[in-house]
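If you read the sequence from its start, that first residue is 1, and numbering goes on from there.
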Amino acid sequence: MSEIMPKEWVLGKASDFVINPKNDIVDGPFGSNLKASEYQFSGTPIIRLQNIKRLRFINKNIKFVSNEKADELSRHSYKQGDIVITKLGDPLGLACIIPDSFQDGVIVADLVRLRTNDLAFDKKYLTYALNSPLIINQLNKHIKGTTRPRINLGIIRDLNIPVTSIFEQKIIAEKLDTLLAQVDNTKARLEQIPQILKHFRQAVLAAATSGKLTEEWRSENINTPTFSATSDSLKHFRNAKLPVIPENWQWLRFDQVAEIASNLKSPLDYPNTTHIAPNHIESWTGKVFGYQTILEDGVTSAKHEFYKGQIIYSKIRPYLCKVAIATFDGLCSADMYPINSKIDTHFLFRWMLTTTFTDWASNAESRTVLPKINQKDLSEIPVPTPPLPEQHEIVRRVEQLFTWADSIEKQVNNALARVNNLTQSILAKAFRGELTAQWRAENPELISGENSAAALLEKIKAKRAASGGKKASRKKA
């Protein structure tokens with residue numbers, strides 16, 4: 001490890017950074033000494049695993065203990081500016097600085113508190129180092145447990161951390177502040193794009209099912225006949241003002257354009273048949289994933305039989321936005337409807353993905369314990385129905401636009417993966433000395449002699465010896 005560091009740096013243990021390792025690097029109390037039943041809504045704040053992310057403190061769901069209990073646990077206390085490290089979870093070894101808004105409190109058993117000498121070490125530098133690949137790789141070699149990965153306190157005290165002069169530490173921290181802020185800004189912008197694409201897809205569906213998407217196409221195909229059906233049975237929606245649609249379109253009842261199939265089977269007779277439930281369909285997209293066979297899922301209740309090409313629709317809340325076209329035969333949850341379309345299946349499928357259809361389905365709930373749309377209410381939902389040739393054209397255009405959106409989303413996901421790796425890449429460069437190579441060449445006096453890393457560690461060592469290495473006395477409850 002020392003071969004990849006600048007020659008002016010030295011490698012030190014985490015315990016070398018503090019005056020008294022047994023008091024300055026401590027973990028939380030054993031579980032029996034601080035129970036969840038002792039948490040309260042006021043008093044002394046405690047910091048838990050969920051409050052610590054990599055380089056970020058999460059000020060949410062803060063719990064408290066009584067001031068008397070905090071005095072009893074004073075050895076496990078923290079104060080603003082301390083560094084907190086997770087020693088449990090996946091990933092573990094997340095570290096951040098406790099913000100100024102938390103003046104003091106107590107950590108729980110899953111955390112380690114590190115208190116440095118501010119004159120010798122820059123807290124930001126040390127926190128960045130603790131979150132770098134250099135430290136993560138060390139921790140991964142000492143993980144215990146599989147279901148709940150963990151490391152012990154001794155491993156954290158013995159971590160090998162690169163040490164440089166206090167001046168270079170501050171320069172590295174400043175450079176990382178700037179670079180990682182740019183990374184976070186890029187990441188935040190990329191994370192907004194999927195939501196933008198979601199709105200784009202809904203806008204496309206709204207335009208498709210209102211006739212706007214094919215307005216020009218209709219002007220060039222004026223002889224296209226009207227879909228042959230009567231729409232005199234929209235009783236449920238007569239009092240509602242239906243959206244305006246083109247003259248040669250019709251509002252028809254759902255049961256005029258589709259048949260709601262019901263064919264319950266015992267899953268025990270079909271152990272090797274593929275099973276689909278609402279949780280296997282992605283909301284608003286119709287993408288199906290994660291399904292298994294009846295035997296693998298271990299289901300025993302009655303299921304609907306469905307066939308390739310049928311629409312499968314979830315009839316329960318909050319999954320009324322889950323609809324898909326089956327690409328194989330199988331069995332689906334009794335909480336889903338297999339549907340045979342009498343019009344272009346993909347057109348009806350896209351209509352069922354619109355927010356308008358989902359809103360209407362949500363308002364038509366049955367009076368059962370689990371809110372859902374029953375077959376009668378579903379059959380009465382209006383469907384904007386263009387002539388078949390226009391249905392086919394709408395489907396073609398929607399598929400084209402959605403393919404384009406999917407391509408963008410894939411590129412965004414790839415970019416996000418690269419950005420997520422970029423943080424660790426930058427941290428790795430920082431603690432190989434690459435970010436400050438020019439600075440060191442221009443400022444040799446700030447990294448040598450009494451300003452050197454070796455001298456810095458000697459100062460800490462001398463101060464530790466002067467203090468006698470005494471333990472801080474524990475307060476009595």
Does the side chain of I62 come within less than 4.5 Å of F102's, by heavy atoms?
yes
When you measure from the side chain of D329 to the backbone N and O of K308, does any donor-acceptor pair fall under 3.5 Å?
yes
When rounded to the nearest 0.5 Å, the distance separating CG of N413 from CZ of R418 is 10.5 Å
Can you find a side-chain donor-acceptor pair between D122 and Q169 that sits under 3.5 Å?
no
Check whether the ring centres of F431 and Y128 lie less than 6.0 Å apart, and answer yes or no.
no
Side chain to side chain contact (heavy atoms under 4.5 Å, CB included) for V323 and I312? Distances and angles first, verdict last.
CA-CA 6 Å; V323 55; I312 309 172; over 6 Å; no
Check N279 against F289 and note the closest heavy-atom contact, atom names and distance.
O-CZ, 3.7 Å
Counting C-beta onward and ignoring hydrogens, is there a side-chain heavy-atom pair between V84 and F57 closer than 4.5 Å?
no
How long is the straight-line distance from CG of L34 back to CZ of R48, given to the nearest 0.5 Å?
10.5 Å
Verdict with supporting geometry, N272 and I294, side chain to side chain contact (heavy atoms under 4.5 Å, CB included):
CA-CA 6 Å; N272 298 317; I294 290 291; over 6 Å; no
What I want to find out is whether R115 reaches D82 closely enough, with some N-O distance under 4.0 Å, to be called a salt bridge.
yes
Thinking salt bridges, do R201 and E409 make one under a 4.0 Å N-O criterion?
yes
Sub-4.5 Å side-chain heavy-atom contact between I97 and R56
no
Apply side chain to side chain contact (heavy atoms under 4.5 Å, CB included) to K144 and list each qualifying residue two or more places apart in sequence or on a separate chain.
R150, N152
Can you check whether S452's main-chain N or O pairs, donor with acceptor, with S165's side chain at less than 3.5 Å?
no
Quick one about E168 and W9 (side-chain donor to acceptor, distance below 3.5 Å, no hydrogens or angles considered), yes or no?
yes
D297 and H275: side chain donor to acceptor below 3.5 Å:
yes
Would you say the side chain of M5 lies within less than 4.5 Å of the side chain of R432, judging by non-hydrogen atoms?
no
Under 3.5 Å, side chain of D24 to main-chain N/O of V18, donor-acceptor pair present?
no
Donor-acceptor under 3.5 Å (K123 side chain, G81 main chain):
yes
Could you pull out the closest heavy-atom pair between I83 and A95, with the gap in Å?
CG2-CB, 4.4 Å
Could you give the distance from CG (N59) to CD1 (I47), rounded to the nearest 0.5 Å?
9.0 Å
Give a yes or no on whether the backbone of E305 and the side-chain of K265 come within a donor-acceptor separation of less than 3.5 Å.
no
Side chains of E296 and T293: do they bring a donor and an acceptor to under 3.5 Å?
yes
State, yes or no, whether a side-chain contact exists between L446 and I166 at a heavy-atom distance under 4.5 Å.
no
Counting only heavy atoms not in E450, do more than 12 sit closer than 6.0 Å to its CD atom?
no
L130 CG to L159 CG distance, which is reported to the nearest 0.5 Å:
7.0 Å
Would L73 and S77 count as a side chain to side chain contact (heavy atoms under 4.5 Å, CB included) here? Give the steps.
CA-CA 7 Å; L73 301 174; S77 65; over 6 Å; no
Smallest separation among heavy atoms of N51 and I46, with atom names
OD1-O, 4.4 Å
Are the side chain of Q138 and the backbone N or O of N160 linked by a donor-acceptor pair below 3.5 Å?
yes
Taking atom CD as the centre, does Q103 end up with more than 12 heavy-atom neighbours from other residues, nucleotides or ligands that are less than 6.0 angstrom away?
no
Looking only at the side chains, is there a donor atom on one of T209 and W351 sitting less than 3.5 Å from an acceptor on the other?
no
Hey, what do you get for CG (L197) to CZ (F402), rounding to the nearest 0.5 Å?
10.5 Å
Just wondering, do L435 and L179 contact through their side chains at under 4.5 Å, heavy atoms?
yes
Neighbour count above 12 (heavy atom, 6.0 Å) for K13 NZ
yes
Closest heavy-atom contact between R464 and P21?
NE-CD, 4.1 Å
By the definition side chain to side chain contact (heavy atoms under 4.5 Å, CB included), identify the one residue from L348, L353, T354 that meets it with R350.
L353
Is the shortest side-chain N to carboxylate O distance from D177 to K124 below 4.0 Å?
yes
Closest heavy-atom contact between T273 and G330?
CG2-CA, 3.6 Å
May I ask you to check whether F328 and Y291 place their ring centres under 6.0 Å from each other?
yes
Side-chain donor or acceptor of S407 paired with backbone N/O of T403 under 3.5 Å:
no
Whether the side chain of R54 engages the backbone of C96 through a donor-acceptor N/O pair (distance < 3.5 Å, no angle test) should be reported.
no
With a 4.5 Å heavy-atom cut-off, do I447 and F167 have their side chains touching?
no
Just checking, is any N or O donor in the side chain of N23 or R75 under 3.5 Å from an acceptor N or O on the other one?
yes
In terms of heavy-atom contacts, does OH of Y319 have more than 12 from other residues, nucleotides or ligands at under 6.0 Å?
no
Without swapping roles, check the side chain of Q202 against the backbone of H199 for a donor-acceptor pair under 3.5 Å.
no
Indicate yes or no: does K87 engage D110 in a salt bridge with an N to O separation below 4.0 Å.
no
I'd like to know if the side chain of E282 pairs up with that of T285 as donor and acceptor (distance under 3.5 Å, no hydrogens or angles considered).
yes
Matching residue for L320 among S283, P278, S362 - test: side chain to side chain contact (heavy atoms under 4.5 Å, CB included)
S362
Closest non-hydrogen atoms of L153 and V26, given as atom of the first, atom of the second and distance, are CD1-C, 4.1 Å
Is there a donor-acceptor pair closer than 3.5 Å between any side-chain N or O of Q424 and the backbone N or O of N420?
no
Could you tell me how the ring of Y313 sits relative to the ring of Y337: parallel (under 30°), tilted (30 to 60°) or perpendicular (over 60°)?
parallel
In terms of side-chain geometry, is the basic nitrogen of E72 or K69 positioned less than 4.0 Å from the acidic oxygen of its partner?
yes
Only one of I316, N363, I381 forms a side chain to side chain contact (heavy atoms under 4.5 Å, CB included) with I373, so which one is it?
I381
Evaluate the side chain to side chain contact (heavy atoms under 4.5 Å, CB included) criterion for residues T436 and K175: first the C-alpha distance (whole Å), next the side-chain angles of each, then the deciding distance (0.1 Å), finally the verdict.
CA-CA 9 Å; T436 45; K175 286 182 177 290; 4.2 Å; yes
To the nearest 0.5 Å, what is the distance between CZ (F64) and CD (Q40)?
9.5 Å
Can you confirm whether Y78 sits close enough to L111 that some side-chain heavy atom of one is under 4.5 Å from a side-chain heavy atom of the other?
no
